Amino acid sequence: MSLGKKQDNPDRAPRLLFYSHDTFGLGHLRRSRALAAAMTEADPSASALILTGSPVAGRFTFPRRVDHVRLPGVTKRSDGSYAARTIGMGIDEVTELRSSLIKTAVQQFDPDVLIVDKEPTGFRGELLPTLEFLEQSCDTKLVLGLRDVLDEPEVLAAEWDRKDAIAATERFYHEIWVYGLHSIYDPTEGLPLSASARSRLHWTGYLRRDLGPVGEPPEQPYILITPGGGGDGKAMVNLVLSAYEQDPTLSPRAVLVYGPFLSGESRDEFETRVAALNGRVTAVGFESQIETLFAGAAGVVCMGGYNTFCEVLSFDKRAVIVPRTTPRLEQWIRASRAENLGLVRMLDEQRDGLTTDAMIRAIRELPRQPLPSEAISDGLLDGLDYVTGRVDALLHREQERATG
């Protein structure tokens with residue numbers, strides 16, 4: 001299907017731009033990449049550009065007609081403040097540089113649709129000059145994309161108030177997409193959005209992940225252990241290794257993907273422990289084609305990030321989710337809702353205890369868990385189809401106004 005045309009050049013193919021601030025982890029980039037792939041597949045003439053701050057963006061493969069621009073990276077310090085990741089600039093300077101690069105990219109790429117992931121004003125407000133510029137151009141459609149869970153309502157409300165995110169959402173965005181279902185969770189609960197803004201909300205369903213081109217999976221059977229990007233996965237990885245160390249009969253074997261952000265002394269220590277397990281656990285650092293490992297796994301032990309959850313559902317894998325509870329309750333909220341629906345099992349710190357014995361029991365009980373497909377409701381995994389339809393509608397509406 002054809003997605004649409006620019007008013008001033010009816011022969012120009014559609015251009016889609018994604019903003020993914022990516023100060024930490026892989027979630028925003030991977031979500032934007034999945035969306036861009038689906039939209040360019042829906043219209044073979046369309047192209048997509050992703051603006052990302054992820055330091056590992058270059059390690060991913062991107063589909064044809066999808067490319068990325070790497071913004072200067074920032075990192076979060078232990079006290080909650082931010083600093084430039086590599087270049088010798090203060091945080092205000094690097095934010096201004098990123099902001100200028102974003103605006104220049106928008107001016108040069110001239111997108112038909114800009115899809116902003118999670119942060120209505122961008123990192124430290126860096127997106128505002130671009131939003132104000134696009135407001136004057138009156139041509140690009142602006143979409144705010146929100147994952148299914150953001151945080152506790154009162155915590156999120158305070159954060160959005162501090163960032164002036166409500167005002168930006170009300171003023172700039174033509175549509176708001178929630179990549180989940182209202183019946184499972186409402187991430188906008190507690191946000192003082194107007195009736196007008198709420199009328200622009202679209203519940204898309206979760207974003208299904210497809211296998212695409214895959215390699216040969218490891219020797220089966222195995223369970224996949226993935227802490228996502230890995231930056232906050234040390235406790236979960238430690239728990240799994242302790243389970244295999246304490247119980248020499250624990251099976252099947254495990255394939256551990258550290259993620260690109262689990263490094264340094266922790267990684268070295270884990271490598272030593274993995275080696276001592278003599279093949280009962282094997283490990284890799286970063287797997288850009290993690291879909292291959294999901295597809296071949298007998299089960300999954302993971303944290304509760306959005307993308308990993310989508311993969312568990314898409315590949316219909318029995319899963320134990322060990323959610324983090326700081327700095328946000330996002331993963332715990334998602335995992336607890338999913339457990340209540342019978343989609344996964346959660347290992348909860350308060351209820352179950354994050355102990356080696358609890359992990360051993362969870363791994364042993366994995367084969368007896370129901371498959372997610374036995375509990376999946378209609379529309380749960382329809383997100384990519386829904387959003388490609390929304391892009392089509394947005395662009396054709398603009399085209400009809402131009403020619404009407």
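Source: prediction; values computed, not measured.
Using modelled atom types, no side-chain atom of D161 and backbone atom of A157 make a donor-acceptor pair closer than 3.5 Å. In this structure, the side chain of T282 does not engage the main chain of G279 through any donor-acceptor pair within 3.5 Å. Using modelled atom types, one side-chain atom of T40 and one backbone atom of A36 make a donor-acceptor pair closer than 3.5 Å. Checking side-chain atoms of S336 against main-chain N and O of I333 turns up a donor-acceptor pair under 3.5 Å. In this structure, Q108 contributes its side chain and A105 its backbone to no donor-acceptor pair below 3.5 Å. Side-chain atoms of R337 come within 3.5 Å of backbone atoms of I184 as a donor-acceptor pair (strictly under, hydrogens ignored). With hydrogens and angles ignored, the 3.5 Å screen pairs a side-chain donor or acceptor of E93 with a backbone N or O of G90. Remark: side-chain polar atoms of R351 are paired, donor with acceptor, to backbone N or O of M346 under 3.5 angstrom. With hydrogens and angles disregarded, a donor-acceptor distance shorter than 3.5 Å links the side chain of D316 to the backbone of S373. Judged by distance alone, with hydrogens and angles left aside, the side-chain atoms of S32 form no donor-acceptor pair with the main-chain N or O of L29 at under 3.5 Å.
The nearest pair of heavy atoms linking A358 to G353 is CB-O, 3.3 Å. For the pair A57 and T52, the tightest heavy-atom approach, listed with the atom from each and the gap, is CB-CG2, 3.8 Å. Here the closest non-hydrogen pair linking G205 and Y306 is O-OH, 4.4 Å. Among all heavy-atom pairs drawn from W160 and P120, the shortest one is CH2-CG, 3.7 Å. Residue D110 comes nearest to R15 through the heavy atom pair O-CD, 4.1 Å, listed as atom of the first residue, atom of the second, then distance. Pairing each heavy atom of I223 with each of Y244, the nearest pair is CD1-OH, 3.4 Å.
The residue from R200, R390, R198 that alone fulfils the salt bridge (charged side-chain N to carboxylate O under 4.0 Å, His left out) condition with E175 is R390. The side chain to side chain contact (heavy atoms under 4.5 Å, CB included) with I102 is formed by just one residue from the set L114, L127, L17, L131; it is L127.
The distance from the CG atom of L343 to the CD atom of E339 is 10.5 Å, given to the nearest 0.5 Å. Rounded to the nearest 0.5 angstrom, L347 CG and D352 CG are separated by 5.0 Å. Taking OG1 from T204 and CG from L381, the interatomic distance works out to 10.5 Å, rounded to the nearest 0.5 Å. Taking CG of D43 as the start and CZ of R65 as the end, the distance is 7.5 Å to the nearest 0.5 Å. Put simply, CG on L241 and CD1 on I225 are 8.5 Å apart, with the number rounded to the nearest 0.5 Å. To the nearest 0.5 angstrom, S251 atom OG is 15.5 Å from Y222 atom OH.
For F309 and Y206, the ring centers sit closer than 6.0 Å to each other.
Under a 4.0 Å N-O distance rule, the pair R147/D117 does not qualify as a salt bridge. One finds a salt bridge joining R124 and D92 here, because a Lys/Arg side-chain nitrogen approaches an Asp/Glu carboxylate oxygen to under 4.0 Å. Ionic pairing of E269 and R273 is present here: one or more N-O contacts between side-chain nitrogen and carboxylate oxygen are shorter than 4.0 angstrom. Between D112 and R12 there is a salt bridge, since a side-chain N of the basic residue sits under 4.0 Å from a carboxylate O of the acidic one. Using a 4.0 Å cut-off between a side-chain N of Lys or Arg and a carboxylate O of Asp or Glu, D148 and R334 qualify as a salt bridge. A salt bridge is absent between E219 and R253; no separation between the charged side-chain nitrogens and carboxylate oxygens falls under 4.0 Å. A salt bridge is absent between E349 and R324; no separation between the charged side-chain nitrogens and carboxylate oxygens falls under 4.0 Å. One finds no salt bridge joining K317 and E311 here, because no Lys/Arg side-chain nitrogen approaches an Asp/Glu carboxylate oxygen to under 4.0 Å. With respect to the salt-bridge test (charged N to carboxylate O, under 4.0 angstrom), the residues R98 and E126 qualify. Remark: R328 engages D151 in a salt bridge, criterion side-chain N to carboxylate O under 4.0 Å. Under the 4.0 Å criterion applied to side-chain N and carboxylate O atoms, E291 and R209 are not assigned as salt-bridge partners.
Taking the six-membered ring for Trp and thresholds of 30 and 60 degrees, F123 and Y82 have ring planes more than 60 degrees apart, a perpendicular arrangement. Relative ring orientation between H202 and Y386 is described as tilted, the plane-to-plane angle lying within the 30° to 60° band.
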Inset, instruction - Verify side chain to side chain contact (heavy atoms under 4.5 Å, CB included) between I321 and R345, making sure each step is shown before the conclusion. - result: CA-CA 6 Å; I321 293 182; R345 158 93 192 275; over 6 Å; no
Inset, instruction - Check step by step if side chain to side chain contact (heavy atoms under 4.5 Å, CB included) holds for V320 and V300. - result: CA-CA 6 Å; V320 175; V300 180; over 6 Å; no
Legend entry - Check against side chain to side chain contact (heavy atoms under 4.5 Å, CB included), L128 and F172: CA-CA 10 Å; L128 284 170; F172 296 115; 4.0 Å; yes
Inset, instruction - Please step through side chain to side chain contact (heavy atoms under 4.5 Å, CB included) for the pair L354 and D348, ending with a clear verdict. - result: CA-CA 7 Å; L354 295 185; D348 178 58; over 6 Å; no
Legend entry - Test salt bridge (Lys or Arg N to Asp or Glu O under 4.0 Å) applied to E365 and R361, step by step: CA-CA 6 Å; E365 291 167 7; R361 284 194 300 273; 5.3 Å; no
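Within the 4.5 Å cutoff, the side chain of R85 has heavy atoms near those of the P55 side chain. Within the 4.5 Å cutoff, the side chain of L201 has heavy atoms near those of the T188 side chain. A heavy-atom distance below 4.5 Å is not found between the side chains of V116 and V143.
Within a 6.0 Å radius of CD in E170, other residues, nucleotides and ligands contribute more than 12 heavy atoms. Around atom CD of E265, no more than 12 heavy atoms belonging to other residues, nucleotides or ligands sit under 6.0 Å away. When the shell of 6.0 Å around CZ of R64 is examined, it contains 12 or fewer heavy atoms from other residues, nucleotides or ligands. The environment of CG in D378 is sparse: at most 12 heavy-atom neighbours from other residues, nucleotides or ligands sit within 6.0 Å. In this structure, E245 places its CD atom where more than 12 heavy-atom neighbours from other residues, nucleotides or ligands lie under 6.0 Å away.
Here W332 pairs with nothing under the ring pair (Phe, Tyr, Trp, His ring centres under 6.0 Å) rule; sequence neighbours left out. Residues satisfying the salt bridge (Lys or Arg N to Asp or Glu O under 4.0 Å) test with E271, not counting sequence neighbours, are none.
Checked by atom type, the side-chain pair T355/D357 shows no donor-acceptor distance below 3.5 Å.
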